[in-house]
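I have placed the structure first, in the form of structure tokens, so that the comments after it can refer back to it.
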2 protein chains.
Amino acid sequence: METTWEHRLRNAGLRVTRPRLSVLDVLAGHPHVDADTIATAARAVHPSISPQAVYGVLKALVGGGLARRIEPAGGPALYELRVGDNHHHLVCRECGAVADVDCAVGAAPCLTPSAAAGFVVDEAEVVFWGLCADCQVARRQHGYGTATAIGEGVGA
Amino acid sequence: METTWEHRLRNAGLRVTRPRLSVLDVLAGHPHVDADTIATAARAVHPSISPQAVYGVLKALVGGGLARRIEPAGGPALYELRVGDNHHHLVCRECGAVADVDCAVGAAPCLTPSAAAGFVVDEAEVVFWGLCADCQVARRQHGYGTATAIGEGVGA
DNA sequence: TCCTTCTCTTGACCTAGTCAAGACAACGGT
DNA sequence: ACCGTTGTCTTGACTAGGTCAAGAGAAGGA
């Protein structure tokens, strides 16, 4: 199962180029990054890469099914290499940290909308908003109350 | 239960102004609108209202719990007056149309992430992506295949 | 090696939205 | 009814994040 990035690019009908390999390299090392961070990190390997090239590469990777784009409200789009499985995300309201989370029950009943209003649904996107471990600690240290007092459970 | 906008604004600790009433009026007539559409529509009632005033008013309304802001990926933020209940949204990939949908099972099991990775979760946001009835018809007419062939069911 | 085609670079442009300063209006007190 | 305080609106500059188009350059098949 030794599938290299080169193979995967070719399988997706994409040419193998230095910018693309650099971007894939960065994505492999960082689970959820925005385009700007990718550009900065990729420049360490391939100094001449332009921000627009990164956008182009990312669009190609997403189009080819090698990467996935997520767009949390109130922040830049993030990219990840974990594709094909049905996983969702935990997003920290404070620092924007993102963690993957598997759906507890797969194609769950609540993910089939009760009244579809004539829509044909093909994807259910779930984002859990909250506070990451680090920001909980930071809040407690600043006397903003305990982290457990922040919400009254999960609103669905 | 005759609660006027004026009452609601005061209850939220907000002053009652013409721009705010205009915006509330527009929101009452359109379930999901972006700031620009609100500005255009509000100008019919209050011609001198500025785009920035609309942003300010919307921020105040959201802060006061009179409106809710939703930010579907790839589009401007939308605002709605339906607040306080736990409802989600169906978004059309083609035309951006939005429909409300109640969660089928309330605080459902799948909305409690299996592994929270140290996060304290206070909200679960669900967006169903698909094709609205109108766009299904439009696709069929243009020979892009049947609408029912677009997705293989709901991915969770 | 050559040629075609795709991809990258460069640079202009765009949307959606924020921030700051001052004019103005709302509303509590007299 | 008026006045003063304070919150809100107008005006205008500015920002982030991202798209679009044209041409230079590299990838890969013949």
Side-chain angles (χ1 to χ4, degrees), chain A residues 4-26 32-43 45-64 66-67 69-79 96 98, chain B residues 4-26 32-43 45-64 66-67 69-79 96 98:
Chain A
T4 60
W5 291 130
E6 193 174 330
H7 281 126
R8 297 205 188 184
L9 284 168
R10 280 193 222 285
N11 286 345
L14 297 168
R15 288 188 180 171
V16 179
T17 67
R18 192 115 175 266
R20 285 176 182 177
L21 292 173
S22 308
V23 168
L24 283 167
D25 226 43
V26 174
H32 307 96
V33 255
D34 59 283
D36 190 58
T37 306
I38 293 171
T40 305
R43 225 168 274 125
V45 182
H46 179 170
S48 77
I49 197 170
S50 66
Q52 287 75 358
V54 172
Y55 282 115
V57 167
L58 290 170
K59 188 174 265 188
L61 294 180
V62 171
L66 292 190
R69 175 187 175 123
I70 58 176
E71 302 181 48
L78 304 176
Y79 296 85
V98 176
Chain B
T4 60
W5 292 130
E6 192 173 333
H7 280 127
R8 299 204 187 184
L9 284 168
R10 279 193 223 284
N11 286 346
L14 297 168
R15 288 189 181 169
V16 179
T17 67
R18 191 116 174 266
R20 287 177 179 175
L21 293 173
S22 307
V23 168
L24 284 167
D25 227 42
V26 174
H32 308 94
V33 255
D34 59 284
D36 189 59
T37 305
I38 293 171
T40 305
R43 225 168 275 126
V45 182
H46 181 169
S48 77
I49 198 170
S50 68
Q52 287 76 356
V54 173
Y55 283 113
V57 167
L58 289 170
K59 189 175 265 188
L61 294 179
V62 171
L66 293 190
R69 174 188 175 124
I70 58 175
E71 303 182 46
L78 303 177
Y79 296 86
V98 176

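For the numbers below, each heavy atom of this structure counts, side chains included, while hydrogens, waters and symmetry mates do not. Predicted model only: the values in this text are computed from it and were never measured.
Note on the helix from dT1(C)-dA30(D) to dT30(C)-dA1(D): terminal axis deviation equals 30°, with five pairs used at each end and the result rounded to 10°.
Summarising the geometry, the separation between CG on Leu58(A) and C1' on dT7(C) is reported as 14 Å, rounded to the nearest angstrom. Atom-to-atom, CG of Leu61(A) to P of dC6(C) comes out at 17 Å; the value is rounded to the nearest Å. Here the P atom of nucleotide dG17(D) and the CD1 atom of Ile70(A) are 15 Å apart, to the nearest Å. As a whole-Å value, the separation of Leu21(A) CG from dA26(D) P is 16 Å. Rounded to a whole Å, the CZ atom of Arg10(A) is 8 Å from the C1' atom of dG28(D).
For Arg10(A), the side-chain contact (heavy atoms from CB on, under 4.5 Å) partners at least two apart in sequence or on another chain are Glu6(A), Val16(A). Among residues two or more places apart in sequence or in another chain, the side-chain contact (heavy atoms from CB on, under 4.5 Å) test is passed with Asp34(A) by Asp36(A), Thr37(A), Pro76(A), Leu78(A).
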Any N/O pairs under 3.5 Å between the protein and nucleotides 6-8 of chain D? List them or say none.
{"unit_1": "dT6(D)", "atom_1": "O2", "unit_2": "Arg15(B)", "atom_2": "NH1", "d": "3.1"}
{"unit_1": "dT6(D)", "atom_1": "O2", "unit_2": "Arg15(B)", "atom_2": "NH2", "d": "3.0"}
{"unit_1": "dG7(D)", "atom_1": "O4'", "unit_2": "Arg15(B)", "atom_2": "NH2", "d": "3.3"}
{"unit_1": "dT8(D)", "atom_1": "OP1", "unit_2": "Arg20(B)", "atom_2": "NH1", "d": "3.0"}
{"unit_1": "dT8(D)", "atom_1": "OP1", "unit_2": "Arg20(B)", "atom_2": "NH2", "d": "3.2"}
{"unit_1": "dT8(D)", "atom_1": "O5'", "unit_2": "Arg20(B)", "atom_2": "NH2", "d": "3.2"}

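Nearest heavy atoms, Ala77(B) versus Glu71(B): CB-CG, 3.9 Å. Pro72(A) and Ile70(A) make their closest contact through CD-O, 3.5 Å (heavy atoms, listed as atom of the first residue, atom of the second, distance). When all heavy atoms are compared, the tightest approach of Ser22(A) to Ala42(A) is CB-CB, 4.1 Å.
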Exercise. Can you list the steps and then say if Val57(A) with Ile38(A) is a side chain to side chain contact (heavy atoms under 4.5 Å, CB included)?
Worked result: CA-CA 11 Å; Val57(A) 167; Ile38(A) 293 171; over 6 Å; no

Exercise. Does the side chain to side chain contact (heavy atoms under 4.5 Å, CB included) test come out yes or no for Leu9(A) and Thr4(A), once each step is laid out?
Worked result: CA-CA 9 Å; Leu9(A) 284 168; Thr4(A) 60; over 6 Å; no

Tabulate below the donor-acceptor pairs under 3.5 Å that side-chain atoms of residues 45-55 of chain A make, not counting sequence neighbours, or state none.
{"unit_1": "His46(A)", "atom_1": "NE2", "unit_2": "Ser48(A)", "atom_2": "OG", "d": "3.2"}
{"unit_1": "Ser50(A)", "atom_1": "OG", "unit_2": "Ala53(A)", "atom_2": "N", "d": "3.2"}

Exercise. What one-letter contact string describes nucleotides 14-21 of chain C from 5' to 3', where B marks a base within less than 4.0 Å of any protein heavy atom, S marks contact via sugar-phosphate atoms alone, and - marks no contact?
Worked result: --SBBB--

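Taking CG of Leu24(B) as the reference point, atom CG of Leu58(B) lies at 9.0 Å (rounded to 0.5 Å). To the nearest 0.5 Å, atoms CH2 (Trp5(A)) and CG (Asp25(A)) are separated by 8.5 Å.
Distance alone, capped at 3.5 Å, is enough to place a donor-acceptor pair between the Arg20(B) side chain and the Arg15(B) backbone.
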